[in-house]
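Positions are given from 1 along the sequence.
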Amino acid sequence: MKKRWCLALVLSLILIFNILGQALRPETLLAAPQEKYFSILHTNDEHSALLPSPLADYHPELPNPSRGGFARLAQAIEDMRQVKAKTSEPVLLISAGDYLGGSPFAWLALDKKGPELSLLIELGYDVATIGNHEYDFGPEVLANYLRAAGYPEAAGKTAIVATNTLPPAGHPLGDLPLQKTHIKVLDNGLKVGFFGILGKDAIKVAPNSKPIEFADQHTAAREAVAQLQKDGADVIVAVNHAGLKEDRELARAVPGIHVIVSGHCHTALEEPLVENGVIIVQAGELLNYLGILELAYNPATKEVRVRNQETVRPYLLPLDDKVPPHREMSGRLAEIIADLNAVVARVSNGRFTDIGETLMYSDFTVTNRPELAESPFGNFVADAMRSIAEEATGQRVHFAFQANGLIRGALTPGSASHAKGQVAFLDLAGLVGLGSGPDGEPGYPLVSVYLTGEEVRRILEVSVLLSELMGDSYYLQVSGLSMVYDPKRAILGWVPVKKIPVPTTRAVLSAKKHVGSGIQHESAMEPLKRGDQELYHVVSDYYIASFLPMVGKMLPQLGLVLKDKNGNPIADIKNAIIYRDGKELKVWQCVLEYAQAQPKDALGNPRMPEHYAKTAGRLVVVNTVPLLVYPGLGLALALGLLTYWIIRRRRHPRALMQRNYT
C-alpha cells in the first residue's frame, strides 16, 4: 500500500514540475499577454483663450501669475511627448469641446477664420468634439469655421466626433465629416475607439444651434459603443461635452466605455472620478491646465487602469509661468493678434485698436459670484449698459437688465509687479463679448424699449422663476432698481406626471426704482408698485430682449409687450437696436467705454470705484412663509370648524332639533 502511495506521489510531482516547466519556458513567458501602455493628454473649454489670463500680467521673460495660453500649451505638449518617446509610449491628444467662444479671438469666426481649431490641428490633436459654444454664431458660421480650419481634409489629422449631432439634409454642416465614431490604431497595436456626446444641459444653453437636432444621448452612445466593438476597438473613449453629472449617468447607463474625457462644467479634477468602472477626467477651463492620464490596457482581462500613481505624475499640469512659451507658437499667435486688432478697430470705428491696451485700473477683483445672486461685476455691467445707452440715445434710461449667462466671469486685474492693477482690453471684453447681432459683427447689440412698471415687475418675476427652473444663466442683474424676493415662492407646485411647474407670480415681495438721474449709488428710491402703467425706458441686449416676451406666450400672467417711447408695440425687435455712428452699439463696447469713463486717480488713470468691491443691495433674498401654507391653514380651519360642528351636533342632537323646530 505504501509503495502505491509513493508511486502516485512521484508521478504527481513529475506532472506538476512538467507543467511548471512548460509555463516557465522563455517562449511561453513571451507569449503571455502584456499590458499595453498609452497616455491621454486632454483639454476642454478652451474658450478661445489663445493668450494667458490676466493678459496684463503676462510677460514671457518675467515671473507672473498669469495662466494658460496656446504658447504654453504647445510647450507642455512637446515636453510630454519627448518624455513618452523615450519609452515608445503612444500619446493621444483630445479636446472635449468649447474651444470657441468667450474671448474676443472667437470673433474671428465671423470673418470666416478658424484660429482655435487650426491651432489644435497644428498641435496634433487626435480627436475633438463640438461643444455648445461652437454654435454661438449659428451652425452656418460653424460650418464656415470648420472649412477655414481645413475641413474636410483636416479630418485625417484631427477627427471631429459628434455622435448625437443630426444636421438636416442639405445643411452645410452635414457636408463636413462629423464622425459618429472614430478608431485610431496606436504604434503598440492598441485600437482606441472614440465617440462624442453633446449633453442635455449643453444643448439647452445652445439656442443658436437650430436647425441642428440632437439624438438621445444614451441611445446614441449605446449604438456608438456597439459599432466600435464591432470594428475591433480595444479601448473605448467618450469625448463628451456634457458635464460630470451627465457623464456619470452615462457611465452607469451604457456598458463598454473605459474612459470619459469630460467638458462643459469647467471642473478641474485633481484626480479621476470612477463611476461604474469608467474613468472620468476633466481639466477645468481656459487652458489653466493640461490634463494628463497615463493608462495601461490588459489584453487578457480587457481592463484599463490608471498609472499616474506609479509615475508620480499629476493629473493636471498647471500652465503657469513655469512652462515657457513655445517659440514657434508665439510667432503664430502674433499673426492672429494682428487679425483680431483689425476686427476690433473696424467694429469700434477706431475707438479701440489694440487688445493689449490697458483700459482702467482696479485695486480689487470685481467678483461675479455667488450664483443666483446679485454680483458686483453684474452691477458694473448693468450700470455700463444703462450709462452708455443714455449717451447714445440722448434719453434717460430708467432700468437695465443683463443675464448671468452672458457675463463670463469676474474682473481680475493684473497682480504682477509690472502690471499691478491693470485691466486689459482682452480681459474685460472676454467677459461680455458673446454672440453677434443682425449685422454679423461681434457681440450682442443693445436694444432700447419701453415697458410699464407692471411689466418691469414681471421681468423680475421671470428672472426668479427661470433661474429656479433652469439655473444661474437666466438670473438677471439689474441697474436702476432693486427688489426683495423669496425664490421659494416662485413655484406653487407641480402638475403631476407631466412635471409642469405652476408659477405664482408672487416671488417678488417689493421693488423700488431710482428717482435720481444718471448712475447713482445709495441714492433715493421709491416703490415700483404692482399695476403701475407708467412707461419706463429699459435697455437690455438683443438676446434677452428677444427671449423675455416668449415667456409670456407660455405664461400669459407674465406677458409683456415691447413698446417704443410713444407706447406703440414694436413688431420687430431689430427695430429696437441702438445704433451709433451707423453701427450697432454692442454690450462689450458699453462695458469698455464705461470702464474708461470711471473717475481718474492722481496719475490720470481711470480707476474702479470702491462701491463695486461689494454688492449694493439691489437683489435681496428673504425667507418668508411658503404660499402653500396659507391655503393649507384655510383648509385646516375649515376642517376644524366642520369637525366642531359635527361633534357638537352628536353631543346635543335633541337640543339642536328643538332649537331648529322652534
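- Geometrically, Arg67 does not engage Tyr58 in a cation-pi contact, judged by NZ or CZ lying under 6.0 Å from the ring centre and within 45° of the ring axis.
- Using a 30° and 60° split on the angle between ring planes, His47 and His133 fall in the perpendicular class, above 60°.
- Between Gln477 and the choices Leu406, Leu619, Val381, Asp383, the side chain to side chain contact (heavy atoms under 4.5 Å, CB included) rule is met once, by Leu619.
- Side-chain atoms of His241 and Asn132 form a donor-acceptor pair, as typed in the model, at a separation below 3.5 Å.
- Taking the six-membered ring where tryptophan is involved, the planes of Tyr536 and Phe399 are tilted, since the angle between them lies from 30° to 60°.
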(request) Starting from the C-alpha separation in whole Å, work towards a yes-or-no answer on ring pair (Phe, Tyr, Trp, His ring centres under 6.0 Å) for Tyr444 and Tyr542. (result) CA-CA 6 Å; Tyr444 288 120; Tyr542 181 78; 7.4 Å; no
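- Side-chain contact check for Thr615 and Glu374: no donor-acceptor pair (N or O, by modelled atom type) lies under 3.5 Å.
- Side-chain contact of Asn64 with Asp57: a donor-acceptor pair under 3.5 Å is absent, judged by distance alone.
- In terms of modelled atom types and a separation under 3.5 Å, the side chain of Ser209 and the main chain of Ala206 share a donor-acceptor contact.
- Taking the six-membered ring for Trp and thresholds of 30 and 60 degrees, Trp588 and Phe352 have ring planes inclined between 30 and 60 degrees apart.
- Leu108 places none of its side-chain heavy atoms less than 4.5 Å from the side chain of Glu116.
- Ring geometry for Phe547 versus Tyr474: interplanar angle of 30 to 60°, hence tilted.
- The neighbour count for Lys512 NZ, taken as heavy atoms of other residues, nucleotides or ligands under 6.0 Å away, does not exceed 12.
- Considering only heavy atoms from C-beta on, Val397 stays 4.5 Å or farther from Val538 through its side chain.
- Summarising the local packing, CD of Glu140 is surrounded by more than 12 heavy atoms from other residues, nucleotides or ligands at distances under 6.0 Å.
- The existence of a salt bridge linking Arg346 and Glu441 is confirmed by a sub-4.0 Å separation between a basic side-chain nitrogen and an acidic carboxylate oxygen.
- Looking at Arg386 and His514, their side chains come closer than 4.5 Å, going by heavy atoms from C-beta outward.
- For the residue pair Gln402/Asp541, the side-chain donor-acceptor check at 3.5 Å is satisfied.
- The number of heavy atoms from other shown groups lying within 6.0 Å of NZ (Lys488) is above 12.
- For Lys563, the NZ atom is densely surrounded, since the number of other residues' heavy atoms within 6.0 Å is greater than 12.
- Between Lys513 and Glu526 there is a salt bridge, since at least one side-chain N of the basic residue sits less than 4.0 Å from a carboxylate O of the acidic one.
- You'll find the side chain of Asp111 reaches within 4.5 Å of the side chain of Val343, heavy atoms only.
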(request) Please assess Tyr594 against Phe380 for the test ring pair (Phe, Tyr, Trp, His ring centres under 6.0 Å), listing each intermediate value before the final yes or no. (result) CA-CA 9 Å; Tyr594 186 64; Phe380 184 83; 5.1 Å; yes
